[in-house]
Amino acid sequence: MSEKAADTEVWTSNGYELVVGLEVHVELLTRTKLFSGSPNHFGDDPNTNIDPVSLGLPGALPVLNRQAVELAMRLGLALNCTIQRSTFARKNYFYPDMPKAYQISQYDEPISVDGWLDLPSGFRVGIERGHLEEDTGKSTHMGGAGGRIHGSDYSLIDFNRAGVPLVEIVSRPDIRTPEQAKAYVSELRAILIAVGASDAKMEEGSMRVDANVSVRLPGAELGTRCEVKNVNSIRSVGRAIEYEAQRQVGMLEAGESIRQETRHWDENDGRTHTLRSKEDADDYRYFQEPDLVVVDPDVGWIETVRSSLPVLPAARRQLLAELTGQTTDAEAVLVVTERGQDEYVLSVAQAGGDAARALVHVKEAFAEQGDDPSIPAADLAKLTSLEIDGALTATQAKQVLAEIVAGNGGDAAAIAASKGFEAMDDSELQSMIDGAISAQADAWAKFCAGDGKAMGALVGAVMKASRGQADGKAVTAILNERRQNT
Amino acid sequence: MSDRITSEAVAKVAKLARLSLSDDELQQATHQLSDMLDHFADIDALDLESVEPMTHPMDIANVMRDDVVLDVLDREEVLDAAPVAEDGRFRVPPILGLDD
């Protein structure tokens, strides 16, 4: 994997290097909430999915959702974590979107610990923990400037989200570039979807990223970090980290010190702004949740969950890369695997097609097809065979493919024939090349003198003469051969 | 009485808990919390190497329910009980930062 080298890079500015750890909250795909039976469903009318537990009514008692525990285990195992005996605690603070005045969260004994996530480049990011907790309600700030808390006149609260099960996945501070942070979020999202733990929609808030950003001189202790919130897309993960790191470097260069605080990323002005100074963990006065008992999955349950995991994206990319002769972080491999079309490419190969050509076609022409393309694999296999045999040029194959896709399948040979695509016989091609050489005598001379760029004019002339039907590869081969013989 | 906790620390905890204490109440709470911490110091002095930490008085694990939707509360009935409601939601005064 030659492209691995890119990932040993470290973001630096004025001699400072970047250190990032990510905390990602994901909503689990359960039918009901973590501690009560009202629906876990995004987008319903406000306050229609509420019950005494999610409203924190006096006397209401939480009962743990088994499916939430199982999905947390699936995710933990997919992230190579150890699943351990875990407990819940109360995190005490006052906020109107949390009517109990405490959030039930796993604290010192989380369900998943000590795992890792490998990026497509091969770079490994450690996972410190994954813990279960309940989501809060949703506040809408009214009046004031642009829906921000500060300056608003009042707030409206919807408790549909209160009690929705979350897993918070905490990475180790292993990330060194904004690109790695983006790749981490993207890979985590792919894993979440693959194991069915979450729909991981950043735009709907079912996956939320907080970035702990600090800078330091190489070899120094970790610098003071700022937590950046409100990072709502993979693109803004990179932008927010880049901005925040530059801000910190600027402050240090100016002789100021970094204050540990929570900052808010503003997508519109491309900056981070102080939200609040960071609370001490002590201020939350954590203590064991007396209304819940320990969660202690036995080996049988853990192994049942482990054996039910699907093949994960990293292994699927590996397989596809080997089959097509690509690297695991080649764009086509990433895109096709993310669309879930990697298995389709494998089936084209099984049907006798050329895997590498199939990968290119699927990436280019199957964007609308979803993970179960409607075009028979055998049809694409036949098309790639015609290309490999030299019966179709790349340009012609593309046109035939467009018809196959439009018709949800079709015989490549018949479509090629109906378009008049016939392999040009060798003598016809040779005479076109003769014509090109005499018409572009200057280019031919330069090409013979070793100027590789001059070949373009010669190939162009042949293409023009053949109205695009000549096989560019064959033309190139013949030109090279003739040059050697001169 | 010992002074295991300062009245400043107690005042901070009171503020976090949104409790408003008079000077007398602050003194009283400081005394009481110091007494409790004395008791924990007594426990700390024991050799408890072989005793498992107790996380819950009930020695049971894995009490869970199936992921099945149950009845929800009626929104209008619930919002009728709120001091102010608007647009199907609870209306609350402007939210200040946790520092404020």
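Keep in mind that the numbers below use all heavy atoms, side chains included, and drop hydrogens, waters and symmetry copies. Proteins come first, then strands; the chains are lettered A, B, ... in the order of their sequence lines, and each starts at number 1.
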Region of A:D296 that comes under 4.5 Å of a non-hydrogen atom in chain B: both
Residues A:E27 and A:S198: side-chain donor-acceptor under 3.5 angstrom: no
Contact origin within A:T48 toward chain B - heavy atom pairs under 4.5 Å: both
Side-chain donor-acceptor contact under 3.5 Å, A:D44 with A:N49: yes
Greatest number of heavy atom pairs closer than 4.5 Å to chain B - which of A:V69, A:L57, A:V294: A:V294
Donor-acceptor contact present, side-chain A:N160 to main-chain A:N47, <3.5 Å: yes
Matching residue for A:D135 among A:H25, A:R208, A:K33 - test: side chain to side chain donor-acceptor pair (under 3.5 Å): A:R208
Contact origin within B:V78 toward chain A - heavy atom pairs under 4.5 Å: side chain
Partner chain B: residue of A:D282, A:D158, A:N65, A:L55 with the largest heavy-atom pair count (under 4.5 Å): A:N65
A:F287, A:Y286, A:Y107, A:F35 screened by ring-ring contact (aromatic ring centres under 6.0 Å, His included) with A:F88, the one that passes: A:F35
Which atoms of A:L34 approach chain B - backbone, side chain, both or neither, heavy atom under 4.5 Å: backbone
Min side-chain heavy-atom separation A:L77-A:V305 under 4.5 Å: yes
Between A:T32 and B:R65: side-chain donor-acceptor atoms closer than 3.5 Å: yes
Chain A contacts, top residue of B:V69, B:V92, B:L70 (heavy-atom pairs, under 4.5 Å): B:V92
Proximity breakdown for B:A85 and chain A, heavy-atom pairs closer than 4.5 Å: neither
Among A:R161, A:K100, A:R90, A:K91, salt bridge (Lys or Arg N to Asp or Glu O under 4.0 Å) partner for A:E134: A:K100
Sidechain N-carboxylate O distance under 4.0 Å for A:D97, A:K138: no
Heavy-atom proximity to chain B below 4.5 Å, by part of A:S54: neither
is_close_aromatic(A:Y284, A:Y93), centroid dist under 6.0 Å: yes
Under 3.5 Å side-chain donor-acceptor pair for B:D42 and B:H39: no
Residues in residues 52-61 of chain B near chain A [non-hydrogen atoms, under 4.5 Å]: B:T55, B:H56, B:I60, B:A61
Per-residue contact mode, A:D298 against chain B (heavy atom under 4.5 angstrom): neither
Structural part of A:P46 lying under 4.5 Å from a heavy atom of chain B: both
With A:R263 via side chain to side chain donor-acceptor pair (under 3.5 Å) - residues at least two apart: A:E244, A:E261, A:T272, A:T274
A:E70 portion near chain B, given a 4.5 angstrom heavy-atom threshold: neither
